[in-house]
Amino acid sequence: MKFKQKMLTLCCAPLLLLTLLSLVIGMIQFRSSMYTQTKSRLKSSALAAMNLYSSQGYGDYSMKSDGYVWRGMNFNVSQETFVVDDLKQQTDVDITFFYQDMAVMTSICNSVRRKNGYHTH
């Protein structure tokens, strides 16, 4: 190899290594920040859903003999879709209300709701 080629190789190799290292570090930081942002968004949506359900009706949640979940005696969680649908529209995050281990209400489209046995409007 000529002297110029050796010098060019010696200069370019560290630059290439530094570029690759910077790319890897940048990707790791980007992934971490996306994870943090997504987690924060989901937590905010969950808190908003919890607050909305807390403001509807009064009393404890319970499943009645008809299979519907009620909050107290005046708010049928299983049939009142406006809470999850409004949150979905405002946050673009699908919301599902669980009672114990059963999904009672969801903002996922109606065909999925019917297929999986969720209550629909």
Minimal non-hydrogen separation, [X] against [Y], with atom names:
X      : Y      : answer
Lys88  : Ser107 : CB-CB, 3.6 Å
Asn76  : Ser78  : OD1-N, 3.0 Å
Ala103 : Thr96  : CB-CG2, 3.7 Å

What residues, two or more places apart in sequence or in another chain, satisfy side-chain contact (heavy atoms from CB on, under 4.5 Å) together with Met63? Val69, Tyr99, Met102
What pairs with Ala49 under side-chain contact (heavy atoms from CB on, under 4.5 Å), at least two apart in sequence or on another chain? Leu87, Ile95
Interatomic distance, [X] atom [atom1] to [Y] atom [atom2] [nearest 0.5 angstrom]:
X     : Y      : atom1 : atom2 : answer
Ile28 : Ser33  : CD1   : OG    : 12.0 Å
Arg71 : Asp60  : CZ    : CG    : 8.0 Å
Trp70 : Gln79  : CH2   : CD    : 7.0 Å
Asp85 : Ile108 : CG    : CD1   : 11.5 Å
Thr19 : Leu15  : OG1   : CG    : 6.0 Å

Verdict with supporting geometry, Val104 and Tyr61, side-chain contact (heavy atoms from CB on, under 4.5 Å): CA-CA 12 Å; Val104 175; Tyr61 293 98; over 6 Å; no
Transitively linked via ILVMFWY side-chain contacts under 4.5 Å: Met105 with Phe82?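 Yes.
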Do Leu47 and Met50 come within less than 4.5 Å of each other through their side chains, counting heavy atoms only? yes
Determine all donor-acceptor pairs shorter than 3.5 Å in which one atom belongs to a side chain in residues 35-43; sequence neighbours excluded.
| unit_1 | atom_1 | unit_2 | atom_2 | d |
| --- | --- | --- | --- | --- |
| Thr36 | OG1 | Ser32 | O | 3.0 |
| Thr38 | OG1 | Met34 | O | 2.8 |
| Arg41 | NH2 | Thr91 | O | 2.6 |

Show the numbers, then the answer: is there a side-chain contact (heavy atoms from CB on, under 4.5 Å) between Thr9 and Lys6? CA-CA 5 Å; Thr9 303; Lys6 288 181 183 180; 5.7 Å; no
